[in-house]
Amino acid sequence: MLMWPTMLASNLIDLYDVVHHAGGRPILVVEQLTLALGRHGLLLGPSGSGKTTLLHLLAGLLAPQQGNLSVLGHDLRAMGDAGRDRWRARHVGIIFQQLHLIAAVSIADNLRLARRLAGKGPDDEAVLQLLTRVGLADRANALPTDLSQGERQRVAVARALVNQPSILLADEPTSALDDGNCQTVIDLLVEQAELSGATLLVATHDRRLMSRLPVLLELARPMERVA
Ligand SMILES: Nc1ncnc2c1ncn2[C@@H]1O[C@H](COP(=O)(O)OP(=O)(O)OP(=O)(O)O)[C@@H](O)[C@H]1O
Ligand SMILES: [Mg+2]
């Protein structure tokens with residue numbers, strides 16, 4: 001039987017010999033990195049080791065330069081900018097370190113806009129359901145500025161999931177938090193990823209998270225690798 005490559009892919013992420021340059025120097029070097037579908041991962045590495053760069057590559061926000069970069073069986077190097085945008089809208093949810101909520105509209109509208117930007121039709125039931133899941137249904141009409149930082153972070157989690165992604169990427173979601181809140185946020189991410197059927201990849205230098213996710217992926221700074 002003939003199968004499409006996506007159906008054969010048991011790995012969510014497959015990277016080989018990936019190098020990314022900026023400012024005339026390598027800022028990310030990955031010989032090999034794999035993450036199986038459904039196995040949540042922690043991407044650890046010191047500041048400057050390229051964690052955010054790697055998340056942006058996986059999300060299709062950066063154009064790959066060198067190496068093999070396959071996510072869900074899709075070759076990201078074979079896609080143009082528009083192709084990567086479409087691919088991200090279909091498959092990726094991302095929670096940035098700076099949450100990037102739109103301050104001028106309500107939190108429900110932040111979720112509605114995320115659907116619209118992904119080319120999806122309105123679905124107020126899905127929006128309300130997600131806000132309920134993160135405990136913010138009664139604040140649906142509040143502006144992001146009227147919420148606490150923890151509440152805003154929960155909105156960002158809900159927004160990242162509103163397009164039912166296969167991959168949920170989170171950049172440093174806990175490094176500014178005390179131990180109690182750190183636990184709450186990682187529990188929320190795992191719980192919500194699982195409810196959505198998404199695989200979670202958290203980039204951090206917060207070693208408190210080491211025991212919280214089953215797969216540990218480590219990046220070294222490119223300079224340290226050469227030395
Ligand atoms: N557009 C760019 N031009 C030049 N250098 C860049 C660019 N983007 C990132 N860098 C550099 O690449 C390196 C890796 O950056 P990146 O943000 O991916 O690291 P990180 O592991 O996420 O660090 P942190 O833990 O501090 O968030 C850094 O030294 C950064 O200064
Ligand atoms: Mg970073």
Side-chain angles (χ1 to χ4, degrees), residues 6 12-13 37 40 52-64 69-173 185 188-203:
T6 45
L12 177 75
I13 297 170
L37 204 56
H40 304 313
T52 296
T53 304
L54 179 54
L55 288 196
H56 288 187
L57 280 169
L58 294 173
L61 287 164
L62 277 175
L69 217 142
S70 143
V71 184
L72 278 164
H74 298 259
D75 176 4
L76 291 184
R77 271 192 91 188
M79 297 178 200
D81 291 350
R84 286 199 319 279
D85 285 346
R86 280 195 300 275
W87 182 84
R88 179 170 59 256
R90 273 192 69 187
H91 296 295
V92 184
I94 183 160
I95 301 155
F96 297 96
Q97 190 169 9
Q98 312 290 330
L99 301 174
H100 293 307
L101 297 176
I102 297 168
V105 302
S106 71
I107 64 172
D109 280 346
N110 267 269
L111 269 63
R112 291 187 185 109
L113 268 170
R115 284 189 64 87
R116 220 165 126 190
L117 287 172
K120 300 203 167 163
D123 187 344
D124 273 358
E125 207 182 307
V127 167
L128 190 64
Q129 197 185 48
L130 267 164
L131 289 177
T132 305
R133 266 163 53 178
V134 298
L136 289 171
D138 58 338
R139 309 296 306 278
N141 295 318
L143 294 173
T145 44
D146 294 336
L147 303 181
S148 72
Q149 178 61 17
E151 288 167 338
R152 279 195 287 273
Q153 198 164 30
R154 282 187 268 150
V155 176
V157 173
R159 185 184 58 178
L161 291 166
V162 77
N163 293 318
Q164 293 155 312
S166 313
I167 317 160
L168 180 61
L169 304 170
D171 198 358
E172 299 286 3
V185 166
L188 175 76
L189 285 169
V190 172
E191 173 191 287
Q192 294 303 321
E194 287 183 353
L195 280 170
S196 298
T199 305
L200 174 65
L201 180 61
V202 175

Do [X] side-chain atoms and [Y] backbone N/O form a donor-acceptor pair below 3.5 Å?
| X | Y | value |
| --- | --- | --- |
| N163 | P165 | no |
| E151 | L136 | no |
| R115 | P122 | no |
| H40 | L200 | yes |

Enter the distance from [X]:[atom1] to [Y]:[atom2] here, rounded to the nearest 0.5 Å.
| X | Y | atom1 | atom2 | value |
| --- | --- | --- | --- | --- |
| Q153 | L147 | CD | CG | 12.5 Å |
| M79 | L76 | CE | CG | 5.0 Å |
| L62 | L69 | CG | CG | 10.5 Å |
| D123 | L128 | CG | CG | 10.5 Å |
| E191 | L188 | CD | CG | 6.0 Å |
| L169 | R88 | CG | CZ | 10.5 Å |

Can you name the nearest heavy-atom pair linking [X] to [Y], along with the distance?
| X | Y | answer |
| --- | --- | --- |
| R84 | P64 | CD-CD, 4.2 Å |
| A158 | L130 | O-CD1, 3.6 Å |
| A140 | L131 | CB-CD1, 3.9 Å |
| P173 | L189 | CG-CD1, 3.8 Å |

Open item on the list: For a 4.5 angstrom cut-off between non-hydrogen side-chain atoms, does T199 reach L168?
Closed with: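 No, side chains not in contact.
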Task: Heavy-atom check, side chain of R133 versus side chain of L195, under 4.5 Å - done: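 Touching, per the 4.5 Å side-chain cut-off.
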TODO: For atom CZ of R77, decide whether the heavy atoms of other residues, nucleotides or ligands shown that lie under 6.0 angstrom number more than 12.
DONE: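 Yes, CZ of R77 has more than 12 neighbouring heavy atoms, counting only those of other groups under 6.0 Å.
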Task: R90 atom CZ, neighbour heavy-atom count above 12 within 6.0 Å - done: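 For R90, atom CZ is not crowded (no more than 12 foreign heavy atoms under 6.0 Å).
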Show me the donor-acceptor pairs within less than 3.5 Å that the side chains of residues 92-107 make with the rest of the protein, sequence neighbours left out.
residue, atom, partner, partner atom, Å
S106, OG, D109, N, 3.0

Task: Matching residue for L58 among L201, I167, T53 - test: side-chain contact (heavy atoms from CB on, under 4.5 Å) - done: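 Testing L58 for a side-chain contact (heavy atoms from CB on, under 4.5 Å) against L201, I167, T53 leaves exactly one candidate, L201.
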TODO: Take V155 and L111 through the test side-chain contact (heavy atoms from CB on, under 4.5 Å) and record every step on the way to the result.
DONE: CA-CA 8 Å; V155 176; L111 269 63; 4.1 Å; yes
